[in-house]
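We use all heavy atoms of the structure for the numbers below, so side chains are in, but hydrogens, waters and symmetry mates are not. Because the structure is a prediction, the values reported are computed rather than measured.
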Amino acid sequence: MAEEQSGDTRGWSEAQLRKYTFATKAIPRMSHSDPRVDALIDNEEPVVLTDTNLVYPALKWDLEYLQENIGDGVFSVYVAKTHKFLYYDEKKMSNFKNFKPKSRREEMKFSEFVETLGKIGQHDERYYLQQTLNDTVGKKIVLDFLGFNWNWANKQQTKWNWGQLTSNLLLVGMEGNVTPAHYDEQQNFFAQIKGYKRCILFPPDQFDCLYPYPVHHPCDRQSQVDFENPDYERFPNFRNIVGYETVVGPGDVLHIPMYWWHHIESLLNGGITITVNFWYKGAPTPKKIEYPLKSHQKVAIMRNIEKMLGEALGEPQEVGPLLRMMIKGRYDQPYS
């Protein structure tokens, strides 16, 4: 079950959720004033906050309102042949000559995006707008943005010693769209505006169950496992995965801690979804390191080792063979 709410109040049904093989636990839903919230965020755990009013002025946003007021700027829209939108870094594509992205990025005005959505049939390509909010948006959107609960957001930033707010990403997706499991190197307040999204999170200590692509691969930070058809021969540890799950609706804010994996899906037959991310840099590294290291710190170390080896060897493809040579027969079996 994804939620702790009753069926009468939640605005969605279990039939709108995709089916997976792994177990999940519910992410807590709380008022932002609940004293338990601070303990969860301080411990780098997810929580849904139900009453922050973080994006209250935007709760009126829908396609019509945005089309009228967002301006004539150009937006990044991703197009895929399936419902899965696997992120890829275009700058890393030269590292893997045979890599073929499963989606493509197009630039279009918001009106063109809406017009395209209106023409889509059941078997056509799928679209997902993902654009950082910037100074090209219209006056009404700017006023809505200024009306966000920045007082609360800034207090959180200060309380947890997070770095600067790096971006606010606007996400407008079709029903059933899926962003496969990945992790980010920033703290995230995931603010839902329209429709419902299912969010399944996995802590950093399940790194070995999710088999991320290499750091130098265009799909860095993405899981290689297809949740709908997992290959247990290639990815045997995926059998051990346990998720933390919730469904967020308008006004909900989900804290996604840095380095936590998250799989996000717009509910089936749930209409258009609109979300805004608030991404913050993490707290600076403490001068005194405490041991044992936490799971997210170990992930950061692994990433740095991969990057360092890639630079030292001058060829990303040589990183794997070197690591295998270093580990095989030395670190992969008990010492005698």
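Using modelled atom types, one finds no donor on one side chain facing an acceptor on the other under 3.5 Å when comparing Thr132 with Asn134. Using a 3.5 Å distance cut-off with no hydrogens or angles, the side chains of Thr166 and Gln186 do pair a donor with an acceptor. Checking Glu265 against Thr179 by side-chain atom types alone, no donor-acceptor pair falls below 3.5 Å. Side chain to side chain, Thr275 and Gln192 meet the donor-acceptor criterion of an N or O pair below 3.5 Å.
For the side-chain hydrogen bond (donor to acceptor under 3.5 Å, both in side chains) condition, the pairs that include at least one residue of residues 34-60, sequence neighbours left out, are Ser31-Asp51, His32-Asp51, Asp34-Arg36, Asp38-Lys159, Asn43-Glu45, Glu44-Gln187, Lys60-Asp144.
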Under 3.5 Å, which donor-acceptor pairs do the side chains of residues 93-104 form with other protein atoms, sequence neighbours left out?
from   : atom 1 : to     : atom 2 : distance (Å)
Asn95  : ND2    : His216 : O      : 3.0
Lys97  : NZ     : Ser94  : O      : 3.3
Arg104 : NE     : Glu106 : OE2    : 2.9
Arg104 : NH1    : Glu125 : OE2    : 2.9
Arg104 : NH2    : Glu106 : OE2    : 3.0
Arg104 : NH2    : Glu125 : OE1    : 3.1

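Residues Trp261 and Ser223 come closest through the heavy atom pair CZ3-N, 3.5 Å. In this structure, Leu309 and Leu322 approach most closely via the heavy-atom pair CD2-CD2, 3.7 Å. Across all non-hydrogen atoms, the minimal contact from Ile120 to Met174 is CD1-SD, 3.8 Å. When all heavy atoms of Gly147 and Pro57 are compared, the pair lying nearest together is O-CG, 3.3 Å. The nearest pair of heavy atoms linking Leu267 to Val247 is CD1-CG1, 4.2 Å. Arg10 approaches Ser13 most closely through the heavy-atom pair NH2-CA, 4.2 Å.
Taking the six-membered ring where the residue is Trp, Phe278 and Phe148 present tilted rings, their angle falling between 30° and 60°. Aromatic ring orientation, Phe235 versus Tyr211: tilted (interplanar angle from 30° to 60°). The aromatic rings of Phe227 and Tyr20 sit perpendicular to each other, their planes meeting at more than 60°, with 30° as the lower class boundary.
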List the steps, then state whether side chain to side chain donor-acceptor pair (under 3.5 Å) holds for Asp184 with His262.
CA-CA 9 Å; Asp184 297 311; His262 43 290; 3.1 Å; yes
Taking it one step at a time, do Glu185 and Arg303 satisfy salt bridge (charged side-chain N to carboxylate O under 4.0 Å, His left out)?
CA-CA 11 Å; Glu185 296 182 276; Arg303 290 186 61 81; 3.2 Å; yes
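The distance from atom CG of Leu201 to atom OG1 of Thr24, rounded to the nearest 0.5 Å, is 11.0 Å. Between atom NZ of residue Lys81 and atom CZ of residue Arg126 there is a gap of 15.0 Å, rounded to the nearest 0.5 Å.
Within a 6.0 Å sphere centred on CD of Glu315, heavy atoms belonging to other residues, nucleotides or ligands number more than 12. Heavy atoms of other residues, nucleotides or ligands lying less than 6.0 angstrom from CG of Asp72 number 12 at most.
In this structure, Lys92 does not pair ionically with Glu90, as no charged nitrogen and carboxylate oxygen lie closer than 4.0 Å. Look at Asp124 and Lys119 and you find no salt bridge, because none of the NZ, NE, NH1 or NH2 atoms lies under 4.0 Å from a carboxylate O. Salt-bridge check for Glu245 with Lys25: failed, with every basic side-chain N at 4.0 Å or more from each acidic carboxylate O. The pair Asp205-Lys298 does not count as a salt bridge, with every side-chain nitrogen at least 4.0 angstrom from each carboxylate oxygen. Here Lys84 pairs with Asp226 in a salt bridge; the nearest charged N to carboxylate O distance falls below 4.0 Å. The residues Glu68 and Lys140 are annotated as not salt-bridged, no charged nitrogen and carboxylate oxygen being separated by less than 4.0 angstrom.
Put simply, the side chain of Leu171 does not reach to within 4.5 Å of the side chain of Thr273, judged on heavy atoms. Side-chain atoms of Trp279 and Leu165, non-hydrogen and from C-beta on, never get closer than 4.5 Å to each other.
Taking the six-membered ring for Trp and the full ring otherwise, the centers of Phe189 and Trp162 sit less than 6.0 Å from each other. Separation of the Phe85 and Tyr78 ring centroids does not fall under the 6.0 Å cut-off. Ring to ring, Tyr128 and Phe113 are not that close: their centroids are 6.0 angstrom or more apart. For Tyr244 and Trp260, the distance between ring centers is under 6.0 angstrom.
Hydrophobic cluster membership differs between Met258 and Val47, with clusters built from Ile, Leu, Val, Met, Phe, Trp and Tyr side chains linked at under 4.5 angstrom. There is no path of hydrophobic side-chain contacts, each under 4.5 Å, that joins Trp12 to Ile200. With hydrophobic clusters built from ILVMFWY side chains whose heavy atoms lie under 4.5 angstrom apart, Trp61 shares a cluster with Leu54.
Side-chain atoms of Lys19 come within 3.5 Å of backbone N or O of Leu17 as a donor-acceptor pair. With hydrogens and angles disregarded, no donor-acceptor distance shorter than 3.5 Å links the side chain of Glu175 to the backbone of Asn177.
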